[in-house]
Amino acid sequence: MPCSSIETSNNFCGGGDGGDVNGRIHNFKLNEHTFLASLMPKKEIGADRFIEAHPHYDGRGAVIAIFDSGVDPAASGLQLTSDGKPKILDVIDCTGSGDVDTSKVVKADKDGRIQGASGASLVVNSSWKNPSGEWHVGYKLIYELFTDTLTSRIKKERKRKWDEKNQEEIAKAVLHLDEFDQKYTKVEDLKLKRAREDLQNRIDLLKKQGDSYDDKGPVIDAVVWHDGELWRVALDTQSLHDDRKCGKLADFVPLTNYRIEQKYGIFSELDACTFVVNVYDEGNILSIVTDCSPHATHVAGIATAFHPQEPLLNGVAPGAQIISCKIGDARLGSMETGTGLTRALIAAVEHKCDLINMSYGEPTLLPDYGRFVDLVNEVVNKYRLIFVSSAGNSGPALSTVGAPGGTSSSIIGVGAYVSPAMAAGAHSVVEPPPEGLEYTWSSRGPTADGDLGVCISAPGGAVAPVPTWTLQGRMLMNGTSMASPSACGGIALLISAMKAEGIPVSPYSVRIALENTSIPVGGLPEDKLTAGQGLMQVDKAYEYIQKSQDLSCVCYQIKVNQSGKSTPISRGIYLREATACQQSTEWAVHVEPRFHDDASKLEQLVPFEECIELRSSNNAVVRAPEYLLLTHNGRTFNVVVDPSNLADGLHYYEVYGIDCKAPWRGPLFRIPITITKPKAVLNRPPLVSFSKMSFLPGHIERRYIEVPLGASWVEATMRTSGFDTSRRFFVDTVQLCPLRRPIKWESVVTFSSPTAKSFDFPVVGGQTMELAIAQFWSSGMGSHETTIVDFEIVFHGIGVNRTEVVLDGSEAPIRIEAEALLASERLAPTATLNKIRVPYRPTEAKLCTLPTNRDKLPSGKQILALTLTYHFKLEDGAEVKPHIPLLNNRIYDTKFESQFYMISDTNKRVYAMGDCYPASSQLPKGEYSLRLYLRHDNVQYLEKMKQLVLFLERNLEEKDVIPLNFFSEPDGPVMGNGTFKYSILVPGIKESFYLSPPNKDKLPKCSSQGSVLLGAISHGKLSYAGEGKNPQKNPVSYQISYVVPPSKIDEDKGKGSSSASTKPMAERLQEEVREAKIKVFGSLKQDSDEDRSEWKKLAQSLKSEYPKYTPLLVKILESLLSRSNIGDKIHYYEKVSRDLLKVHNLHLLEMLEVYIISAADEVIDSIDADELAKLFSLKADPEDEDSEKNKKKMETTRDQLAEALYQKGLALAEIESIKGEKPSALAASEAVSSDLRSDLFEENFKELTKWVDVKSSKYGTLYVLRERRFGRLGTALKVLNDMIQDDGEPPKKKFYEMKLSLLDEIGWNHLSTYERQWMHVRFPTSLPLF
């Protein structure tokens, strides 16, 4: 995620700054000049001095790739460079979130019209060149391209206008009802009652629609074509404008790929949102690129903005150019994806960029590891790109640097610094700090494998440009996200100078120059873990580069392992645990020079030889050899670390190598040694307190504690005193465990007055815990009062022989053994099962090679994609979350490139999207498909994933949550005695109890065999907490799972199946033959004339053989209804109904309905309705098996009769619709014979009402048509809405199409427009692209 935050003036309590970089300044005052300069800090890193001395080295010639959320090319200061060149060379959406499927090709008619993908009729501009005459069309829901903030603003404005129209219609409807009431004072006639009900329904509908309004946004049509030279794009944005004359396709000024013409568009004045386009795959994919947050534009502005009218607000390198690589996926808010990261690296190499800035990052379990890191190493080492990235915002505790910026050797990780001037100006604090410091939240090193983590620091806040849709020119943001582009801009100045002076550009030489010329922040050795080598200085680094330009471009790879052990291999020495700090240890350090891939073996590698003087920053603790002769193949030497005499706390040392022949170069490499010697907790009960700690703004106190074995949670109290104004503190704890992300607990606490606050959090026994307490850097500035803090920690713990419990589905309980190793504890176990996880295998696996160059690696390999499809069904609405154990929760520390999933229903509506951090999504009842998209260039890896198991996890409803019971006896779950509730554990004495599996009758109905019920179990409670049954609310809980066994056999199943039939065998045989014939008949295909002829013959034969047999006639009617071609549907009745057609004089469409009516009548005539009604009047005996069978048979017959009546009614209504007649006109038509003069539709409808609920979703269509026939459109809409709501299945398109027709007929245009927009959400023409 982005490593920044947006600040407003009320976030801070005071502060200020100024002066010479990091020097101590008192009584600092701003003037207008220094205030403006502080908004875009450059003085702190020497950039202003450098440009003043070298005005043409202002970034000219340098190209920076901005890996971020997408840069707005219309933003202030991002149009031109200082020398008049285009600022932004390309804008790319690397994630695919703006992709539009434009594979559908259409041709224009004689009037120049084409049908857009949305269904709209579009007019193309006659002046547009299109030699092929082929137009690629697609569409996009506009909100998919907007940020949540912009969408919210647009929705409010659209809702306001929509409400105005809706209120107008409500006023009209109320007026009509009032006029009706005045005209008819007494409404007794049934028709008048229904008429009034209809008017009232209209009012109710409009009010209800206003309450349920949910704007899914306008739809824009996209058209792509080739003009003979370039691919061109035009958009139809009429739906965004109030004036329908605006936004027409023909008026759009066509765009092409941004890198060709550097042109962009704006959707409308209302949104003010800038976009660019790129076309891929021969016109089949259109990428509409917008930003997914202001973050990237702000970052780009810090690095490169150029404001000729206000140079103090220029970015660090106003002469540099950029390409925008959007890695933040708009579908996921702004989360980066593996696809976006890989495509961004491809683009950076393709555009021959010099620098990459990436202000994104995540925690990682393995530093310097993963697919993305491997690709970065290639880009840096082979293509000489300099990669700069934010270290993270998870401080102030140590080992909080994030990936990739703080954990990857090839990347320059940047910490966030705030100067007195920045505090006073940009942050507007009351009184600046006396000297510069790192922001409190800036992440600290070292990494888990001992590397420093933070390389250098740079200003971490600025007031910089933001996108136009924010409706402001610039805003304040702070974070290491801001420090990174500040550093990157400074490096761009160096590259500008190097290129101008012919000095070879290398990430190796630039990095060592930055590190060896930075100004330290803080005066202690361990401050390097916070600020790296210090605050970068551009002018000093330039002098260093000039002096060392004739030296080899080489970096030094460090590999460290403890002597006698081959693993783990690390990049530094990190002694954190108590045992490692109690004795001397020896370490093998291997230093290997690394050259760029294009280095000459004979001219550079073979002659390389350096005499290295090894120095230790403290020989009493760290001893190393004095000298080392280093050649290309590297050398290994030993280092001895003796921390045994050190005091408790943090200690930092370095072993570094100096070139004997050129000591001015400074350290060529460093081996960081971090020692956190913990305090042992020996007293019992285990309590440790830290008293009288004094705090000023920005001050941090670190304490290291050896968590006692047996401890599993902490109860802590923080007491403050001695201050006046409110104080804000960061309280963090961190523990490190192998192959786990740092275990971090954090709390931000504000004390408005001296008081005490309590905390509790879990811990891992036996591992060192860092406690970091920091007064926020700007909190309490101006008060001059020192805050006194007393912090007390009490360790608690209940040790168990099973932490994560698995119940195997049997009836046997699980024995759990518990003990308290530290002090007496109350053992009060509680456990619940509140989730279910169901496994699925893919039903389909498709492997393909991605067709575009954006998916072609610099090595030439084309990336492959595997799409796995999973099907699942929900019997009830539920909140579900996909879970893929192999892939989830890892972006950077995985060897797989990317993962992305979409969940859609049978209508192709997408309900959820996600990647490695899946989220829960609410899904209604229905059938769904989950498509999982995996990418890699190695086909063997993807082949192994074709049967990847995926779990769907859902939370159980509160009523279905299963509390588990505990017993003191093994037979307790069966016998029901010996319940275990609680006990007092005494150190040295173990106790045991049994955990009972859940009662099989309590299992939720959605739990199938093989699924897993999940929950939590806890054993202890807080000392100050009351009784509670939710284990997850206790300080420590563990996962518990229950494997669902096979379902019990239904004892009633099969009863009566062996009873002898009363029918003779011959009769039973005839029935079986008849049913078999009808079954075969129903399965016959009717695709060709030959098929239809066979069907016709068999139908006639069966009708002759089984006259008036209802199931056969039903099957014939179903077959007619299923035919897709009108001519096919009338084929069967062609002979018998020719005379009828002559009588009615109907055209082809009407012929269809007449034949359906004839088929339906045959079904109706085959059923004795009177007899059926008589049978239904008799009450069946539920104990009588034959009676129950007869009842089911009657219900089937009734359903067949109702279906025939229903289909006949639909056909009659269709005839009326075709002829455009009202019921009265139809009855008076001369063409209708005397026996059809009455209202057939009404008679049929009344007959149907005798048998079924005509307002149900199954038959309600006919009720809607009936109300429509009589002009009662309000009632028709009400019934239709009720049908849609009560359907309980995925939405039926025919219902919504009918709704649109009714809205158009009633004249509610604002509602019909609203529903048409929803149609694209509910019934998209295709699934979206990944």
Quiz item: cation-pi between R931 and Y933, 6.0 Å / 45°: no
Contact check, side chains of V219 and I142, non-hydrogen atoms, under 4.5 Å: no
Is a side-chain donor or acceptor of D905 paired with a backbone partner of N907 at a separation under 3.5 angstrom? yes
E350/R259 salt bridge by N-O under 4.0 Å criterion: yes
When you measure from the centre of the six-membered ring of Y280, is the NZ or CZ of R854 closer than 6.0 Å and no more than 45° off the axis? yes
Show the numbers, then the answer: is there a side-chain hydrogen bond (donor to acceptor under 3.5 Å, both in side chains) between D72 and T297? CA-CA 6 Å; D72 181 2; T297 304; 5.5 Å; no
Should the pair R232-D227 be classified as a salt bridge under the 4.0 Å nitrogen-to-oxygen rule? yes
Verify the distance criterion only: is there a donor paired with an acceptor across the side chains of R909 and S904 at less than 3.5 Å? no
H936 and I863, any side-chain heavy atoms less than 4.5 Å apart: no
Judged by modelled atom types alone, do H295 and S69 share a side-chain donor-acceptor pair under 3.5 Å? no
Residues Y1314, D215; criterion side-chain hydrogen bond (donor to acceptor under 3.5 Å, both in side chains); working and verdict: CA-CA 8 Å; Y1314 171 80; D215 182 15; over 6 Å; no
Check: A75 main-chain N/O paired with Q79 side-chain donor or acceptor under 3.5 Å: yes
Lys/Arg-Asp/Glu bridge criterion (N-O < 4.0 Å) met for K140, D221: no
Could you tell me if N284 and E282 have a donor-acceptor pair between their side chains, going purely by distance under 3.5 Å? no
For the side chain of K326 and the backbone of D68, is there at least one donor-acceptor N/O pair under 3.5 Å apart? no
Exam field: side chain T869 to backbone T843, donor-acceptor pair closer than 3.5 Å: no
Give the ring-plane orientation class for Y928 versus Y911, where under 30° counts as parallel, over 60° as perpendicular and anything between as tilted. perpendicular
Roughly how far, to the nearest 0.5 Å, is NZ of K1292 from CD1 of I1284? 10.5 Å
Stepwise, does the ring pair (Phe, Tyr, Trp, His ring centres under 6.0 Å) test hold for W225 with W128? CA-CA 9 Å; W225 72 97; W128 294 344; 4.7 Å; yes
Can you tell me if R935 and T342 form a side-chain donor-acceptor pair at under 3.5 Å? no
Would you call K165 and W1308 a side-chain contact if the rule is heavy atoms closer than 4.5 Å? no
Would you say the side-chain atoms of H136 pair up with the backbone N or O of G283, donor to acceptor, closer than 3.5 Å? yes
For Y258 and Y264, I'd like to know if the aromatic rings sit close, meaning centre-to-centre distance below 6.0 Å. no
Find out whether L249 and L235 are in side-chain contact, i.e. whether some heavy atom of one side chain is under 4.5 Å from a heavy atom of the other. no
For L150, is there any backbone N or O sitting under 3.5 Å from a side-chain donor or acceptor partner on T147? yes
Is any side-chain heavy atom of H1320 closer than 4.5 Å to one of Y139? yes
Under 3.5 Å donor-acceptor, R331 side chain and E144 backbone: no
Within the side chain of D291, is there an N or O that forms a donor-acceptor pair under 3.5 Å with the backbone of G70? no
Could you tell me which residues satisfy side chain to side chain donor-acceptor pair (under 3.5 Å) with D1304, sequence neighbours excluded, listed by chain and number? S1312, R1316
Any donor and acceptor pair, going by atom type alone, linking the side chain of E336 with main-chain N or O of F67 inside 3.5 Å? no
Just one of T304, I323, I356, L89 clears the side-chain contact (heavy atoms from CB on, under 4.5 Å) bar with I64, so which one? T304
Any salt bridge between K846 and E844, counting N to O under 4.0 Å? yes
In this structure, are over 12 heavy atoms from other groups packed under 6.0 Å from K856 atom NZ? no
Within a radius of less than 6.0 Å around CG of D148, do more than 12 heavy atoms belonging to other residues, nucleotides or ligands occur? no
Does T274 reach the main-chain N or O of A74 with its side chain, forming a donor-acceptor pair under 3.5 Å? no
Full working for side-chain hydrogen bond (donor to acceptor under 3.5 Å, both in side chains) between T95 and R343: CA-CA 8 Å; T95 68; R343 284 176 174 170; over 6 Å; no
Please walk me through it: do S97 and D93 pass side-chain hydrogen bond (donor to acceptor under 3.5 Å, both in side chains)? CA-CA 7 Å; S97 58; D93 179 3; 3.2 Å; yes
When rounded to the nearest 0.5 Å, the distance separating NZ of K216 from CH2 of W1318 is 4.5 Å
Sidechain N-carboxylate O distance under 4.0 Å for E157, R160: yes
